[in-house]
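For clarity, every value in this text was computed on a predicted model and none was experimentally measured. Per chain, numbering begins at 1; letters A, B, ... match sequence-line order.
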Protein chains: 2
Amino acid sequence: MRAQRIGKANPAEDEAVYQAILRALLEGKLKAGTKLAETPLASIFGVSRERIRKVLHRLGAERRLEMIPNRGARVPRPTLEDVRRVYEAHRVLEAGVLSQLSLRIDEVLLARLDAHLAEERTAAQRGDRAASVRLSGAFHVHLVDALGNPELSRMLGDLLSRSSVMVSVYEPAAQSICAVDEHGAIVAALRDRDLLRAIAVSREHFLHVEGRLRLDEDEAAPTQDLAAVFAGRRPLRGKLRSA
Amino acid sequence: MRAQRIGKANPAEDEAVYQAILRALLEGKLKAGTKLAETPLASIFGVSRERIRKVLHRLGAERRLEMIPNRGARVPRPTLEDVRRVYEAHRVLEAGVLSQLSLRIDEVLLARLDAHLAEERTAAQRGDRAASVRLSGAFHVHLVDALGNPELSRMLGDLLSRSSVMVSVYEPAAQSICAVDEHGAIVAALRDRDLLRAIAVSREHFLHVEGRLRLDEDEAAPTQDLAAVFAGRRPLRGKLRSA
DNA sequence: ACAATAAAAAATGTGCACATTTGGCATGGG
DNA sequence: CCCATGCCAAATGTGCACATTTTTTATTGT
């Protein structure tokens, strides 16, 4: 076994840094508007600045960070309008998915959706908020995945990851749980092969969620201690500068 | 006016190289499977290898090139299955767009769509194949753009750019013109506010286009003279190595 | 002659030094 | 007192040299 090279060619580092920053984004630990400078991040993760640079630009290409030429990367500060647009896109995409699903719906798929609904109800009954939120989002993922089209799944994945970041800004504290009954109503409409009703119910469902959005607009605190945010993870190499 | 800097910091070069390669891709001048090595491209465009590198990775992130670690960039060689998936995604997205459009359709929008249909018919009558193809694609863009949601427009744009590359591989020579009557039928269904019919017509329309796909599978000629492909454009700097 | 192996050539990936740009701060004029 | 102008520090962007990996070529043994 060769010792880990300390200075050169470690392709896994890219992914590690990428995942670390991405998770911080998805978990809402990075607040909107926070500046992500290259040099501090390089110190925190103990990797070269170029590596951070590459990851930051990659996240920018995925629209998860806002890149401004010569001015670096920031956590995007979505307008309420932006959030609405993402939600509308999700709504529109799901309408299309339902129209396609209604053509190839069968008992196997319905059974799988029913099983998921049962899981959701169980989690809701035992008051498991975290599980409820997770399963609630998973329902919509199940719908697209049922079509077996990676293109569509990826499109939804992008939307979800972006809205989940937004949720942490605008949603009132973690009460963003889709009512299980509405999910059930969608499945019921699919079972009846009533496409118009399925689309209408889905639409109503999304509008309910959108209606809960609140515009907090905390202009303050664009600065944030990055070292603290990424504290949980040990540095990839030993070079973490303590202060 | 300052003379163009020859060695450093020219942000416009990124975009120029990007556009050049992208256009070559969209125009089908780069055949599927062609290897895009960094060093030759740097010579051809007369820029540093790092710049080519950045552009290639960007195109890879946009899924327009296939990037393999340590092995460089290739023009993707989509399977017929891949093409079908992109077409299906387009179909599904348009169904969703129609369902949203049917809720906010008005005379202004209908008039605009009618105008576009008239343009299409005119081009078809005078046998202008190029204009027909362009307008035919533009119709679907008009539909999403009518919703005024940049997210959705971008999603469609991605799909279109990818399928247009694919078309150059699988479509029988340039006869990929949507029948204008089918576009007209979609608008007519929208005018009647008959969502189910609009979705059905749109679906049929896409299936017609998909049905014309042919699998040529010319395994040969993965190599191609890159200098010839980009010959039309003068090098950005004077360093083009003649041979 | 063929296959396997090894050496060489070419292409990709990375760290570093330096160029360029931006933002803040002090200074001076209105 | 406020705004404009010009330096200075800090952050981003780029070319280059070198490390690593892949691919091609040459060699040797069976």
Side-chain angles (χ1 to χ4, degrees), chain A residues 2-18 21 33-61 65-75 222-224 226-227 235-239 241, chain B residues 2-18 21 33-61 65-75 222-227 235-239 241 243:
Chain A
R2 58 187 177 191
Q4 179 170 347
R5 283 182 235 71
I6 54 168
K8 303 281 181 180
N10 195 338
E13 282 184 356
D14 276 70
E15 199 59 21
V17 172
Y18 174 81
I21 299 182
T34 303
K35 169 84 183 290
L36 293 181
E38 299 175 356
T39 314
L41 285 176
S43 297
I44 291 173
F45 285 103
V47 300
S48 75
R49 188 167 70 89
E50 317 297 303
R51 209 173 280 274
I52 298 288
R53 185 177 177 68
K54 204 196 319 181
V55 170
L56 254 38
H57 279 265
R58 176 177 165 192
L59 287 166
L65 289 180
E66 185 180 352
M67 303 293 301
I68 306 177
N70 289 319
R71 288 181 40 178
R74 307 188 82 91
V75 180
T223 50
Q224 193 177 8
L226 291 181
L236 300 177
R237 297 177 198 152
K239 292 198 306 184
R241 200 170 304 166
Chain B
R2 59 186 173 187
Q4 179 170 346
R5 283 183 237 74
I6 55 167
K8 303 279 182 181
N10 195 337
E13 282 184 356
D14 276 69
E15 199 59 22
V17 173
Y18 174 81
I21 299 182
T34 302
K35 169 86 184 288
L36 292 181
E38 299 174 357
T39 315
L41 285 176
S43 297
I44 290 173
F45 285 103
V47 300
S48 75
R49 189 167 68 89
E50 316 297 302
R51 208 173 281 273
I52 297 289
R53 186 176 176 68
K54 206 199 311 183
V55 170
L56 253 38
H57 279 264
R58 177 176 164 193
L59 287 165
L65 289 180
E66 184 180 353
M67 302 294 300
I68 307 178
N70 289 319
R71 290 183 38 179
R74 308 186 82 91
V75 180
T223 51
Q224 193 176 9
D225 185 18
L226 291 181
L236 300 177
R237 294 175 198 153
K239 292 197 306 184
R241 198 170 307 167

(message) Which nucleotide wins on minimum distance to the side chain of A:Lys35, given the candidates C:dA11, C:dG15, D:dA11?
(response) D:dA11
(request) Just compare C:dG13, C:dT14, C:dA17 and give me whichever is closest to any side-chain atom of A:Arg49. (result) C:dA17
(request) Begin with the C-alpha distance, continue with both residues' side-chain angles, and end with the deciding distance and a verdict on side-chain contact (heavy atoms from CB on, under 4.5 Å) for A:Leu41 and A:Leu56. (result) CA-CA 10 Å; A:Leu41 285 176; A:Leu56 254 38; 4.1 Å; yes
(request) State which of C:dG15, D:dA11, D:dG15 makes the closest approach to the side chain of A:Ala37. (result) D:dA11
(message) Check A:Glu15 with A:Arg58, please: is the shortest side-chain N to carboxylate O separation under 4.0 Å?
(response) yes
Tabulate protein N/O versus nucleotide N/O from nucleotides 22-24 of chain D, keeping only pairs under 3.5 Å, one per line.
from: D:dT23; atom 1: OP1; to: B:Arg71; atom 2: NE; distance (Å): 2.9

(request) Report the distance from atom NZ of A:Lys54 to atom NE2 of B:His57, rounding to the nearest 0.5 Å. (result) 7.0 Å
(message) What is the distance, to the nearest angstrom, from the CG atom on B:Asp14 to the P atom on C:dT20?
(response) 16 Å
(request) Rounded to the nearest angstrom, tell me the gap between atom CD in B:Glu50 and atom P in D:dC18. (result) 14 Å
(request) Using side chain to side chain contact (heavy atoms under 4.5 Å, CB included) as the criterion, list what pairs up with A:Ala37, not counting sequence neighbours. (result) A:Pro40
(request) Please tell me if the side chains of B:Asp14 and B:Arg51 come closer than 4.5 Å, counting only heavy atoms from C-beta onward. (result) yes
(request) Could you check how far CD1 of B:Ile52 sits from P of D:dG15, rounded to whole Å? (result) 11 Å
Contacts under 3.5 Å, N or O only, protein and nucleotides 5-7 of chain D:
none

(message) Can you identify which nucleotide, out of C:dT14, D:dT12, C:dT12, has its nearest atom closest to the B:Thr39 side chain?
(response) C:dT12
(message) Can you measure B:Arg74 atom CZ to C:dA11 atom C1' for me and round it to whole angstrom units?
(response) 13 Å
(request) Give a yes/no answer on whether the side chain of A:Lys54 brings an N or O atom under 4.0 Å of OP1 or OP2 in C:dT14. (result) yes
(message) The criterion is side-chain hydrogen bond (donor to acceptor under 3.5 Å, both in side chains); which residues satisfy it with A:Glu66, sequence neighbours excluded?
(response) none
(message) Just to verify, what does A:Arg49 make a salt bridge (charged side-chain N to carboxylate O under 4.0 Å, His left out) with, not counting sequence neighbours?
(response) A:Glu38
(request) Please test B:Leu226 against B:Thr34 for side-chain contact (heavy atoms from CB on, under 4.5 Å), starting from the C-alpha separation and ending with a verdict. (result) CA-CA 9 Å; B:Leu226 291 181; B:Thr34 302; 4.1 Å; yes
(request) Ignoring backbone atoms, establish whether B:Ser48 has a side-chain N or O less than 4.0 Å from OP1 or OP2 of D:dT14. (result) no
(request) Check B:Leu65 against B:Ala73 and note the closest heavy-atom contact, atom names and distance. (result) CD1-CB, 4.2 Å
(request) Could you please name the option among D:dT12, C:dT14, C:dG15 that lies closest to any side-chain atom of B:Arg53? (result) C:dT14
(request) Measure from the side chain of B:His57, starting at C-beta and using heavy atoms only, and say which of D:dG13, D:dT12, C:dG13 lies closest. (result) C:dG13
(request) May I have the distance from A:Ile68 (atom CD1) to C:dT21 (atom C1'), rounded to whole angstrom? (result) 14 Å
(request) Determine the contact category for A:Glu38: base if any of its heavy atoms lies under 4.0 Å from a base atom, sugar-phosphate if only primed atoms, P, OP1 or OP2 are that close, otherwise nothing. (result) sugar-phosphate
